[in-house]
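Take a look at the structure set out below.
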Amino acid sequence: MSERGLLIVLSGPSGVGKGTVRGAIFDDPETNFDYSISMTTRSPREGEKDGVDYYFRSREEFEDAIQAGQMLEYAEYVGNYYGTPLQYVEEKLAQGIDVFLEIEVQGALQVKERMPEGVFIFLTPPDLSELKNRIIGRGTESMEVVNERMETARKEIELMTSYDYAVVNDLVPEAVRKIKGIIETEHLKTERVVHRYQKMLEGLK
Ligand code: 5GP
């Protein structure tokens, strides 16, 4: 029996640096898993290529793909659709290849519903735990602003608990090292490897 690949989902609040961390992971020649290229309706930025950075599509094309059941997940973010094409993910996992998604939080929660066996990694800003003290301690913000920020932080922390791991994005190389460590560890889980040892275990009977 060949092992299915791992589905690795990196997500986190906006502005936390998911794209930078993902870039550093895939710049590393030792990275041996695949990146799932997302589909989006936003326009390409300078230097971005269709089929490399994203599949750039019209709203109509994107909505057709949703209707046809071709998306593993999708979300609207700042007025544009972003989503993960299902077929590529399915094919790679079936071939035993790990697939890495870098997506925003609403999409990550959808993936969790559909593929709970995935590995869900939440990238956090470095100062999350100090946020409250900092906001209150500074004493310069109105109560309204403090409350608004605390509410945002609270929602972020609540979402974190839906994930398997939380990694602080303080220094990018450190975050990359931790994420790679998580993936390596996940590959060693007994439920994934037990079949390799089945014969040996039978011999012990
Ligand atoms: P950007 O426009 O800066 O490339 O990406 C904006 C946001 O969309 C980022 O938070 C990124 O993680 C997220 N994103 C990129 N691809 C996908 C996707 O396929 N699905 C979802 N849900 N979010 C995505």
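For ligands, and for the atoms within them, numbers begin at 1 and follow the listed sequence.
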How far is [atom] from its nearest protein heavy atom, and which residue and atom is that?
atom                    : value
atom 10 (O) of ligand 1 : Lys18 NZ, 3.2 Å
atom 6 (C) of ligand 1  : Tyr77 CE2, 3.5 Å
atom 12 (O) of ligand 1 : Glu102 OE2, 2.5 Å
atom 15 (C) of ligand 1 : Tyr54 OH, 3.3 Å

Inset, instruction - Quick one: pull up CD1 in Ile179 and CD1 in Ile8 and give me the separation to the nearest 0.5 Å. - result: 10.0 Å
Legend entry - Pairing of Asp53 and Arg45 as salt bridge, 4.0 angstrom limit: no
If you take the nearest heavy atom of each of [options], which one is closest to [atom]?
atom                    : options                      : answer
atom 13 (C) of ligand 1 : Met71, Gln110, Glu73, Glu104 : Glu104
atom 16 (N) of ligand 1 : Gly12, Pro85, Ala108, Ser38  : Ser38
atom 3 (O) of ligand 1  : Arg42, Arg45, Glu76          : Arg45

Legend entry - Validation row: Asp34, Asp98 side chains within 4.5 angstrom (heavy atoms): no
Legend entry - Heavy-atom side-chain proximity of Leu10 to Leu101 below 4.5 angstrom: no
Inset, instruction - Please determine if Met39 has a nitrogen or oxygen closer than 3.5 Å to a nitrogen or oxygen of ligand 1. - result: no
Inset, instruction - Look at the rings of Phe33 and Phe100 and say which category their plane angle falls in: under 30° parallel, 30 to 60° tilted, over 60° perpendicular. - result: parallel
Legend entry - Option from Ile121, Val16, Thr124, Val176 for which side-chain contact (heavy atoms from CB on, under 4.5 Å) with Val167 holds: Ile121
Legend entry - Proximity of Phe62 and Tyr55 rings by center, below 6.0 Å: no
Legend entry - Interfacing atoms of ligand 1 (cut-off 4.0 Å, heavy-atom, Thr84): 19 (O)
